[in-house]
Amino acid sequence: MSKDNAIKNMLSELLPETTHNDRETEAIGRALAGFLSPGDVLALHGDLGAGKTHLVRGLCAALGIDAARVSSPTFTLIHEYDAPVPVYHIDAYRIARAAELLDLGFDEYLSAGAIVVIEWAERVASLLPPETYHLCIEHGGGDMRHLRWCSEKGHQPA
Ligand code: ADP
Ligand code: MG
């Protein structure tokens, strides 16, 4: 089995998963960090409060980034977290046209040897590389959240 296939198998074992509090969602982010490599793009789909930012916090913590630095880049659109494997954290919520992200240097981010994580990724679907990993988080009532791999629309099973 190729390394890529082995990683894909491990990722498909990681999800689907249901979490019952934000720490459990962060733990999934931490686990994910072990399978992602520089250059990978993780697209996050889910409503406000789904837990996208908490997942990114866990991912970043596992990569040696101070989790306290991780918040939704709602207004700045991009946060850059330096680390041996840096993370570029994008929030596309306020992006009206996908081209705005190109103006911010999105192509350079993709080729910078970082992990690129995008909240509200469906808003910039046309810019995402075909090998992007798409992860959907859905509210399950109360603090329950359902996490699964999904299509680029964010609503279909992979
Ligand atoms: P998003 O980035 O998707 O808007 P955040 O991660 O910023 O969401 O916020 C998620 C909110 O939901 C936080 O207030 C968090 O404490 C709460 N929460 C409750 N249960 C969970 C859970 N299972 N996973 C993640 N967050 C949860
Ligand atoms: Mg967020």
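First listed ligand is number 1; within each ligand, the first listed atom is number 1.
A single hydrophobic cluster is not seen to contain both Val87 and Leu104; linkage of ILVMFWY side chains at heavy-atom distances under 4.5 Å, directly or through other members, places them apart. Taken together through direct or relayed side-chain contacts under 4.5 Å among Ile, Leu, Val, Met, Phe, Trp and Tyr, Trp120 and Leu127 form parts of separate hydrophobic clusters. Connection of Leu135 to Ile115 is established within a shared hydrophobic cluster, with ILVMFWY side chains joined at heavy-atom distances below 4.5 Å, either directly or through further cluster members.
Scanning all protein heavy atoms for the shortest distance to atom 25 (C) of ligand 1 gives Thr25 OG1, 3.4 Å. The protein heavy atom nearest to atom 8 (O) of ligand 1 is Gly51 N, 3.1 Å. The protein non-hydrogen atom at the shortest distance from atom 10 (C) of ligand 1 is Gly49 O, 3.4 Å.
At a threshold of 4.5 Å between non-hydrogen side-chain atoms, the residues Tyr133 and Val41 do not count as touching. Considering only heavy atoms from C-beta on, Glu100 comes within 4.5 Å of Ile95 through its side chain.
Per-residue contacts place Leu48 under 4.0 angstrom from the following atoms of ligand 1 (heavy atoms of the residue considered): 4 (O). Atom numbering of ligand 1 starts at 1 in the shown order; those under 4.0 Å from a heavy atom of Thr19 are 22 (C), 23 (N), 24 (N). Against a heavy-atom cut-off of under 4.0 Å, Asp47 is close to the following atoms of ligand 1: 3 (O).
Between His45 and His134, the ring planes are parallel. Angles under 30° get that label, and only those over 60° would be called perpendicular. Ring geometry for His79 versus His89: interplanar angle over 60°, hence perpendicular rather than tilted (30 to 60°).
The N, O or S atom of Glu119 with the smallest distance to the Mg ion (ligand 2) is OE1.
Panel note: side chain Lys52, backbone Ile118; no donor-acceptor pair is recorded below 3.5 Å.
Using a cut-off of 4.0 Å between Lys/Arg side-chain N and Asp/Glu carboxylate O, Glu24 and Arg145 are scored as not salt-bridged.
Proximity of Glu119 to ligand 1, defined as any heavy-atom pair under 4.0 Å, is confined to the side chain (atoms from C-beta onward). Using a 4.0 Å cut-off between heavy atoms, Leu55 makes no contact with ligand 1 at all.
At a 3.5 angstrom cut-off on N or O pairs, Gly46 does not count as close to ligand 1.
Ranked by closest heavy atom to atom 18 (N) of ligand 1, the top entry among His54, His20, Arg145 is Arg145. Nearest-heavy-atom check against atom 23 (N) of ligand 1 across Asp22, Thr53, Leu44, Asp143 picks out Asp143. Residue Lys52 holds the heavy atom nearest to atom 1 (P) of ligand 1 of all those in Arg57, Glu24, Lys52.
Residue Ser71 does not count as close to the Mg ion (ligand 2), with no N, O or S atom under 2.8 Å. For a distance bound of 2.8 Å, the N, O or S atoms of Tyr93 include none lying that close to the Mg ion (ligand 2).
Atom CZ of Phe35 has more than 12 neighbouring heavy atoms from other residues, nucleotides or ligands inside a 6.0 Å radius.
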